[in-house]
Amino acid sequence: MEIPAKYDPAGTEEKWYSYWLSHKLFHSEPDEREPYTIVIPPPNVTGVLHMGHMLNNTIQDVLIRRARMSGKNACWVPGTDHASIATEAKVVSKLKAEGIEKSEITREEFLKHAWDWKEKHGGIILEQLKKLGASCDWDRTKFTMDPELSDGVINTFVHYYKKGLIYRGVRMVNWDPEGQTAVSDEEVIRKETKSKLYHLRYYISDNGKKTDRYIVVATTRPETIMADSAVCIHPDDERYSYLKGKKVLIPLIEKEIPIIQDNYVTMDFGTGCLKVTPAHDINDYEIGLRHNLPFTDIIDKWGRLNEEAKIFVGEERFEARKKIVGMLYEKGHMEREEDYTSQIGYSERTNAVIEPKLSLQWFMKMDDAASRALEYIDEDKIKLIPDKFRNSYRHWMENVKDWCISRQLWWGQRIPAWYLPDGSYVVAADIKEALVEAKKRDSGIEEHMLIQDPDVLDTWFSSWLWPISVFDPEKPGFPDKKPNRDLEYYYPTNDLVTAPEILFFWVARMVMAGDEFCGNMPFRNVYLTGIVRDKLGRKMSKSLGNSPDPIDLMKIYGADGVRVGMLLCSSAGNDILFDESQVEQGRNFSNKIWNAYRLVSGWESSDNVSQNERSATAVKWFDNLLSYSFTIIEDHFSKFRISDALMTLYKLFWDDFCSWYLEIIKPGRGEKIDIHTHQSTNEFFDKLLRLLHPFMPFITEELWQNLEKRDEGDSIMISCMPKAVEYDLSFIKKAEECKEAIVNIRNIRQSRNISLKETLKLFVTDNSIPSELLSFITKLVNIESVKPISERGSNNAGASFMVGTTEFFIPLDNYIDKEQEVEKIDAEIKRLDGFLNSVNKKLSNPRFVESAPKEVVETEYNKQRDAITKIEKLTRAREDLLKL
RNA sequence: GGGAGCAUAGCUCAGUUGGUUUAGAGCAUCUGCCUUACAAGCAGAGGGUCGGGGGUUCGACUCCCUCUGCUCCCACCA
């Protein structure tokens, strides 16, 4: 059967993925084996696969496939996140496009649209993961808003509320006056914006009467002066020390406010006087709390001045600013204005300028949970890879703030709090229980009188339960409940692969929830991938259009090629600069494997051919090298150095297996191969495929199935990972010397234009390289005989070279250019002289010889001896040459 | 402003408690090859003194200080 010269991934990938699925090879159930578990960081249900997912999920698949082949019961749980804000935004804009405003429909109607939308588009990203080869246990697919997972979220809320850790309070939020909702900090885009810095005169008050002395306050928001509660100076600012204890009048409205002192003020910014507006600035809010100042809220949810403002009531905030500036000039309160550029927050969704606004939100106290979550890292129960992230993890845990868990949205788990007619509220898992609680306060309460809080919970309040709830959704909220069989078996999971950006949002909080409800950490290792950037180091984003579509890439280069391409250049925690040439390299590697198979599969073996010494030695060498490589790869994996493990394999396959081993044992044209070598080669191939399988699942399955007859349902993915047996490192090193000699000879041929067809003789120092290895030389560089150097005779010209301390000589009477030859030897001697010099310098330093460890001094003596020997030999070769 | 990190060949990165032949890899480059598995290939070669300066040490890419440049996280100046 003719095998095409190029590997075509398309059909292969489709075929084997459905084969794996139909034989349920990804599915895991608890059994007596050791479990190996990964829960996927659930992508947004509305998401589409991007390069970041590719990297992240490829790494997870490599880990899970390797574990599965190493005899573990491997379970990779997939799923999606409801992503309340992102999804709601998409649904809102989709409805808008259809002419439906969210404000015109009921909550129930909106949620129906949202669920419809989720059913339609929700599965896309998971389908895309299948193209990548992801070996997830799809039977276990979960969604953070599955009914039973949502119940767990509610129970968790009730649990923490009962513990006294959840409370309701006023806080400043990022208010989007256009979108009519609070948005999270992540949804605020800061943009450099040109504005003015106004210098305003605040007259000093004498018992409520305006004096003629004033101070100057700088502000960018003059329209908020009516909400001022104080003017603040730095306690150490001597310029203003006379103001201590005095009061000033707010311009225009002449309201008296105190002068206070706080370290927050920067003395050399503006005038050193700060107007404090606690209801409309986050920093002023903090100052207000510290100094117990009144909070005057003068801006309504539409961004207009309200009654509290007293003047310009009903004016839109920017319109009000213009008008008030005019009036300030008019009344002599404006000292001056200057151009000023600052970072202003805009809403990601509506592009409206964010208004800091006080509002009532739900919070969770974090200090205690955070300090316990920190212990898991401090005590090394959870390892971060790379561990440079420890510091930032610690920093965050030690400076944690209470968590604002309410969102003014509809898509998500609704806060289980019900308000009574008197304004008080009860918290309960459902309305029935809420009613029971409410009746305790007022027996006259009926169910219809209870009104549930309209807000939903922050998405992270459900995803922090993920490693628990995918196995046992009923566990969250109940620390004392016995875990079900799955949770008991799979938890704690092993490795979590995620991005450093969400180390705090998600990873740390999972640790807290795991500790709270399972009394244990949710995972042992956290592998933090970098960000995928483009060649120029820019983050890949839709708006820049610099992100290739992973699905297209897989079509062109094959899933295996893309996986290899991404992995080769991505060490943990480092960003990866993605360039299509990397993926090309991955594809080329697939093709190399394919062609190696083409070669080997075409061989015919025969009992009549006996194994020659050369083939036997090659088999022995590669067998040792394989074992040695296993240990190297094992070591890389133990340190999560996945790209190094892959590179080791890449070179093992391409260089050692293809370029050396196969070339050495390759039978001549039309010849048959001996049966032993053939068999060994197939075994090597089989082992290499198994080693490569976690990285390149598709091509390795295809070739493994072709290599010999397999039973239906058998698969490389459930075969076992080769293990290291003892190996002879010194033999591997001798083989390396032999390879080096071959490279030297090739170089000699090329630089003198000697065709490979021309047979040469070789003389070599006795007993330096085992003669069995010398047989490689005769084959690969067409050497007719290898003889001891003592037999070379003294009157033939040729080329000399050395490998280690072994001397080689090739007679080249017809090709020799004496001068050129001497030049080469001279250059080498010069290099060695320099080297010897540096060694001698060390050795002649008595303090080195005295204080350095014995082995180190010993090595230096060896270096010295070797260099001297080499120089002597080369000098002799030079003389011999000159004699001719 | 607070915190963390990085700086090694053209590019992307290794270099594991300072000492194993005067720094390694992959890619890219250059040269020669359509050699009967592969031109998505084969063979060979060139290329860095480890950001600058200072220090510790018998010895520094590796430890300390400093300067320069860059990146990320957090908080953001009225």
Side-chain angles (χ1 to χ4, degrees), chain A residues 3 5-7 190 197-198 217-221 232 264-266 268-277 281-284 340 342-343 386 388-392 394-396 399 500-501 503-504 531 535 537 557 561 568-571 573-577 579 581-582 584-585 587-602 635 639 641 643-644 647-648 650-651 658-659 662-663 666 668-670 743 746-751 753 756-757 804 831-832 834-839 842 845-853 855-860 862-864 866-867 870:
Chain A
I3 306 171
K6 300 237 184 304
Y7 168 59
R190 296 203 173 261
L197 190 59
Y198 299 96
V217 170
T219 181
T220 52
R221 299 200 62 190
C232 189
Y264 170 75
V265 177
T266 315
D268 51 12
F269 185 88
T271 60
C273 289
L274 168 72
K275 77 184 198 64
V276 183
T277 320
D281 183 280
I282 181 70
N283 295 299
D284 293 10
Y340 185 68
S342 64
Q343 301 279 324
K388 66 178 177 186
F389 288 105
R390 263 169 179 252
N391 289 330
S392 26
R394 155 179 307 271
H395 185 256
W396 192 75
N399 296 285
E501 298 110 276
L503 187 56
F504 313 128
I531 297 167
K535 231 173 157 179
Y557 299 101
L568 274 177
C569 54
S570 56
S571 47
N574 280 352
D575 287 355
I576 90 161
L577 299 189
D579 181 7
S581 68
Q582 289 153 10
E584 200 179 318
Q585 190 186 350
R587 179 210 45 189
N588 292 355
F589 187 42
S590 304
N591 202 232
K592 186 71 188 178
I593 299 171
W594 181 257
N595 275 290
Y597 175 75
R598 253 181 14 121
L599 175 69
V600 172
S601 67
D635 183 57
K639 294 170 182 150
R641 300 168 69 134
S643 57
D644 288 333
M647 183 49 74
T648 306
Y650 179 91
K651 287 190 282 189
C658 294
S659 299
L662 291 180
E663 291 300 330
K666 191 159 132 181
R669 193 221 285 268
V743 169
R746 282 174 176 158
N747 190 8
I748 287 167
R749 292 193 106 106
Q750 181 154 329
S751 60
N753 249 320
L756 189 60
K757 292 186 178 106
R831 209 201 99 238
L832 284 166
F835 174 69
L836 181 60
N837 231 328
S838 74
V839 175
K842 266 193 199 170
N845 182 344
R847 301 184 62 186
F848 168 73
V849 183
E850 282 158 26
S851 38
E855 315 87 74
V856 176
V857 179
E858 191 52 39
T859 334
E860 290 305 312
N862 284 341
K863 285 189 204 170
Q864 185 188 44
D866 285 358
K870 275 186 171 183

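Letters go in sequence order (proteins before strands), and every chain restarts at 1.
Using a 4.0 Å heavy-atom cutoff across all strands shown, A:Leu503 reaches no nucleic acid atom at all. Within the 4.0 angstrom heavy-atom criterion, no nucleotide atom of any strand lies near A:Asn862. In this structure, A:Lys6 reaches the bases: a heavy-atom distance under 4.0 Å links it to at least one base atom across the strands shown. Residue-level contact check: A:Asn837 touches neither bases nor backbone, having no heavy atom under 4.0 Å from any strand. Contact annotation for A:Thr220: backbone-only contact, meaning every heavy-atom pair under 4.0 Å involves sugar-phosphate atoms and none involves a base. Across all strands shown, A:Ser392 has no heavy atoms under 4.0 Å from either base or sugar-phosphate atoms. Among the protein residues, A:Pro500 comes within range of no part of the nucleic acid, since none of its heavy atoms lies under 4.0 Å from any strand.
Taking CG of A:Leu599 as the reference point, atom CD of A:Glu663 lies at 8.0 Å (rounded to 0.5 Å).
Partners of A:Arg749 under the side-chain hydrogen bond (donor to acceptor under 3.5 Å, both in side chains) rule, at least two apart in sequence or in another chain, do not exist in this structure. Residues that satisfy the salt bridge (Lys or Arg N to Asp or Glu O under 4.0 Å) test with A:Asp644, not counting sequence neighbours, are A:Arg641.
Comparing B:G3 with B:A9, their P atoms are spaced 30 Å from each other, to the whole Å. As rounded to the nearest Å, B:A28 and B:G41 have P atoms that lie 8 Å from one another. One P atom belongs to B:A4, the other to B:C64, and the distance between them is 14 Å to the nearest Å. Comparing the P positions of B:C27 and B:A45 gives an interatomic distance of 15 Å, to the nearest angstrom. Atom C1' of B:G10 sits at a distance of 13 Å from the matching atom of B:C30, rounded to the whole Å. Spacing of C1' atoms, B:C63 relative to B:U17, comes out at 11 Å, to the nearest Å.
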Decide side chain to side chain contact (heavy atoms under 4.5 Å, CB included) for A:Ile531 and A:Glu501; before the verdict, give the C-alpha distance in whole Å, the side-chain angles of both, and the deciding distance to 0.1 Å. CA-CA 9 Å; A:Ile531 297 167; A:Glu501 298 110 276; 3.9 Å; yes
Quick one, A:Asn595 with A:Arg598, criterion side chain to side chain donor-acceptor pair (under 3.5 Å). Give me CA distance, side-chain angles, the key distance, then yes/no. CA-CA 5 Å; A:Asn595 275 290; A:Arg598 253 181 14 121; 2.9 Å; yes
Determine, step by step, whether A:Leu274 and A:Tyr264 satisfy the side chain to side chain contact (heavy atoms under 4.5 Å, CB included) criterion, reporting the C-alpha distance in whole Å, the side-chain angles of both residues, the deciding distance to 0.1 Å, and the verdict. CA-CA 10 Å; A:Leu274 168 72; A:Tyr264 170 75; 3.8 Å; yes
Decide yes or no on side chain to side chain contact (heavy atoms under 4.5 Å, CB included) for A:Ile593 and A:Tyr597, but give the supporting numbers first. CA-CA 6 Å; A:Ile593 299 171; A:Tyr597 175 75; 5.9 Å; no
Please report the C-alpha distance between A:Tyr557 and A:Ser590 in whole Å, then the side-chain angles of each, then the deciding distance to 0.1 Å, and finally whether the side chain to side chain contact (heavy atoms under 4.5 Å, CB included) criterion is met. CA-CA 9 Å; A:Tyr557 299 101; A:Ser590 304; over 6 Å; no
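For the pair A:Val856 and A:Gly834, both in contact range of RNA chain B, the more 5′-proximal nearest nucleotide belongs to A:Val856. Residue-to-nucleotide proximity on RNA chain B shows that, of A:Ala852 and A:Tyr7, the 5′-proximal contact is made by A:Ala852.
Proximity of A:Asn862 to A:Glu858: side-chain heavy atoms (C-beta onward) are separated by under 4.5 Å at one or more points. When side chains are defined from C-beta on, A:Phe389 counts as touching A:Pro500, because their heavy atoms get closer than 4.5 Å.
Atom-to-atom, CH2 of A:Trp396 to C1' of B:G3 comes out at 15 Å; the value is rounded to the nearest Å. What separates CG of A:Leu568 from C1' of B:A14 is a distance of 13 Å, to the nearest Å. Rounded to a whole Å, the CD atom of A:Glu858 is 15 Å from the P atom of B:U20. Between the CG atom of A:Leu662 and the P atom of B:U36 there is a distance of 16 Å, rounded to whole Å. A:Glu860 places its CD atom 12 Å from the P atom of B:G19, with the value rounded to the nearest Å. Protein atom NZ of A:Lys842 is 11 Å distant from nucleotide atom P of B:U22, rounded to whole Å. For A:Glu850 and B:U57, the CD to P distance is 16 Å, given to the nearest whole Å. When rounded to the nearest whole Å, the span between CG of A:Asn283 and P of B:A75 equals 11 Å.
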Output one line per pair: protein atom, nucleotide atom from nucleotides 42-48 of chain B, and distance, for all N/O pairs under 3.5 Å.
unit_1: B:C42; atom_1: OP1; unit_2: A:Lys592; atom_2: NZ; d: 2.7
unit_1: B:C42; atom_1: OP1; unit_2: A:Trp654; atom_2: NE1; d: 2.7
unit_1: B:A43; atom_1: O3'; unit_2: A:Arg746; atom_2: NH1; d: 3.3
unit_1: B:G44; atom_1: OP1; unit_2: A:Arg746; atom_2: NH1; d: 3.1

Close N/O contacts between protein and nucleotides 23-25 of chain B (under 3.5 Å):
unit_1: B:A25; atom_1: O2'; unit_2: A:Lys651; atom_2: NZ; d: 3.2

Quick test: give all pairs of protein nitrogen or oxygen and nucleotides 8-13 of chain B nitrogen or oxygen below 3.5 Å, distance rounded to 0.1 Å.
none

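Here B:A37 is the nucleotide among B:A37, B:U16, B:G19 with the atom lying nearest to any side-chain atom of A:Lys666. Relative to the side chain of A:Lys863, the nucleotides B:U20, B:A37, B:C76 differ in distance, and B:U20 lies closest. Distance from the side chain of A:Asn391 is smallest to B:A4 among B:A78, B:C58, B:A4. Residue A:Tyr650 places its side chain closer to B:G26 than to any other of B:U22, B:A39, B:G26. Taking every side-chain heavy atom of A:Arg598 into account, B:A37 is the closest of B:A4, B:A37, B:U21. Here the nucleotide nearest the side chain of A:Arg831, chosen from B:A39, B:C58, B:U22, is B:U22.
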Just to be sure I follow the notation: if a pair is Watson-Crick (purine N1 to pyrimidine N3 plus N6-O4 or O6-N4) or a G-U wobble (N1-O2 and O6-N3), each under 3.5 Å, what dot-bracket string does RNA chain B give, with | for pairs to another strand? (((((((..((((.....[....)))).(((((.......))))).....(((((..]....))))))))))))....
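Below 30°, between 30° and 60°, or above 60°: for A:Trp594 and A:Tyr7 the angle between ring planes is between 30° and 60°, a tilted geometry.
Taking the charged nitrogens against the carboxylate oxygens, A:Lys870 and A:Asp866 have no contact shorter than 4.0 Å, which rules out a salt bridge. A salt bridge does not link A:Arg847 with A:Glu850: none of the charged nitrogens is closer than 4.0 Å to a carboxylate oxygen.
A:Glu860 approaches A:Lys842 most closely through the heavy-atom pair OE2-NZ, 3.6 Å. Among all heavy-atom pairs drawn from A:Ala218 and A:Thr271, the shortest one is N-OG1, 4.0 Å.
Side-chain N/O atoms of A:Asn591 include none lying less than 4.0 angstrom from OP1 or OP2 on B:G41. In terms of phosphate contacts, A:Asn588 brings no side-chain nitrogen or oxygen within less than 4.0 Å of OP1 or OP2 of B:C38.
Proximity of a side-chain donor or acceptor of A:Asp281 to a complementary backbone N or O of A:Val276 within less than 3.5 Å is not detected. A donor-acceptor pair under 3.5 Å links the side-chain atoms of A:Gln582 to the main chain of A:Leu577, judged by distance alone.
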